[in-house]
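Step one of this worksheet: look at the structure below.
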Protein chains: 2
Amino acid sequence: MTVFFSKKCEHGLQAILFMATKDIECVCPAEEISNKLNIPKEFISKILQSLTESGIVESKKGKSGGFKLAKHPSKIKLIDIVEAIDGLESFNTCVLGFSECSSKNPCPVHHQWGELRVKAYEMLSSETIDKFKEKTLNKIKII
Amino acid sequence: MTVFFSKKCEHGLQAILFMATKDIECVCPAEEISNKLNIPKEFISKILQSLTESGIVESKKGKSGGFKLAKHPSKIKLIDIVEAIDGLESFNTCVLGFSECSSKNPCPVHHQWGELRVKAYEMLSSETIDKFKEKTLNKIKII
DNA sequence: TTTTAATCAGACAATTTAATCTGATTTGAA
DNA sequence: TTCAAATCAGATTAAATTGTCTGATTAAAA
């Protein structure tokens, strides 16, 4: 196993990207997200609940309830979701698992991995998710 | 959780890097590796057993037995160890968890992640582990 | 030959992550 | 007011990963 994001985080990212393709006021039931993205309903529901606490989504109870983004997609970056679900720890720990890895006491790949880590962070934080609307829609259509 | 390598793989990489700092004929008991790298003895023993099957290390039973590299460090790359333990799947799957992610149907970060993935692969495959001797020794000394 | 120190093998336990189930609560609409 | 459809909350299960234990086997050295 070699992952980057946990399943929870992958699901969360997909769900938020999906919600960003919809009208900002549109309330999205967990069931719809579940169907469109092929994620177990209760699982995505739980993930979105936790993102509610992080202030990224809002939930509306009762009939015709569901989830909606708490902010406009132009204010949300992928890194916000990653931080809320997986945390940012991996951006600060040694990829080979050595303790206290730093430029003073680098592991054999410290320098190269450091560069990649910065690039990965940039990938997640340079653009807001309103830019991803079209690609997300194409992706969901064919799944 | 956001990882790159599994713990198993981290431990395996560390152990092989450590063994590469020693004389090629030197047989290294699991206990020594365990102590030096702070990895549970039975766990690293299991990992090295599986690397024996992959042809990366050899084991010698009985008194004064232990593990040694099956090839010279100048013939071993980090990617060999990663492949044997974690496999190379993550270098071919979508980082956001979408199915069938390709340049024809890219996920929102397909292009950027593709670049990073290539760089990560290069990091693991461009140099053989004999080059890492000094840095590994420094790393183990301070742990 | 006996002792000792090591791997090997495989069952077992603990932890973490992923997913499911159930029931209470909320709320819009008939 | 009642019903239906949704979230919410928390317990439970399942699966994967990580780590441990025990006993058999091997082989060097006393």
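To find a chain, count down the sequence lines: A is the first, B the second, and so on, and within it residues start at 1. Basis for what follows: all heavy atoms, side chains included, without hydrogens, waters or symmetry-related copies.
- Residues that satisfy the salt bridge (charged side-chain N to carboxylate O under 4.0 Å, His left out) test with B:E122, not counting sequence neighbours, are absent from this structure.
- Between B:V109 and A:L78 there is a side-chain heavy-atom pair separated by less than 4.5 Å.
- More than 12 non-hydrogen atoms from other residues, nucleotides or ligands lie less than 6.0 angstrom from NZ of B:K71.
- For B:F132, the ring-ring contact (aromatic ring centres under 6.0 Å, His included) criterion is met by no residue, not counting sequence neighbours.
- Scanning for ring-ring contact (aromatic ring centres under 6.0 Å, His included) contacts around A:F4 gives B:W113, with sequence neighbours left out.
- Remark: C1' of D:dA6 and CD1 of A:I33 are 13 Å apart, rounded to the nearest angstrom.
- In this structure, A:I39 atom CD1 and C:dA18 atom P are separated by 12 Å, rounded to whole Å.
- Counting to the nearest Å, the C1' atom of C:dT17 and the CD1 atom of A:I85 are 13 Å from each other.
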Pairs under 3.5 Å (N/O, protein and nucleotides 25-30 of chain C):
{"from": "C:dT26", "atom 1": "O2", "to": "A:G62", "atom 2": "N", "distance (Å)": "3.3"}
{"from": "C:dT27", "atom 1": "O2", "to": "A:K63", "atom 2": "N", "distance (Å)": "3.3"}

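- Between B:M1 atom CE and D:dT17 atom P there is a gap of 10 Å when expressed in whole angstrom units.
- When the ring-ring contact (aromatic ring centres under 6.0 Å, His included) test is applied to B:F18, no partner is found at least two apart in sequence or on another chain.
- Between B:H11 and D:dT18 there is no side-chain N or O to OP1 or OP2 distance below 4.0 Å.
- Here C:dT17 presents its C1' atom at 13 Å from CD of A:E10, a figure rounded to the nearest Å.
- Whole-Å rounding puts the A:F5 CZ to C:dA18 P distance at 13 Å.
- Atom-to-atom, CZ of A:F67 to P of D:dA5 comes out at 18 Å; the value is rounded to the nearest Å.
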Check against side chain to side chain donor-acceptor pair (under 3.5 Å), B:D86 and B:S6: CA-CA 7 Å; B:D86 277 349; B:S6 68; 2.7 Å; yes
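- In the hydrophobic cluster analysis, where Ile, Leu, Val, Met, Phe, Trp and Tyr join through side-chain heavy atoms closer than 4.5 angstrom, B:L17 is grouped together with B:I140.
- Proximity note for A:P29 (side chain, C-beta onward) versus D:dG19, C:dA19, D:dT7: the nearest is D:dT7.
- Toward the 5′ end of DNA chain C lies the nearest nucleotide of B:G65, the other residue of the pair B:G65 and A:K8 mapping further downstream.
- Side-chain contact between A:H110 and A:C94 is absent, with no heavy atoms from C-beta onward closer than 4.5 Å.
- If you check residues 40-55 of chain B against DNA chain D, the residues with a heavy atom closer than 4.0 Å are B:P40, B:E42, B:F43, listed by number.
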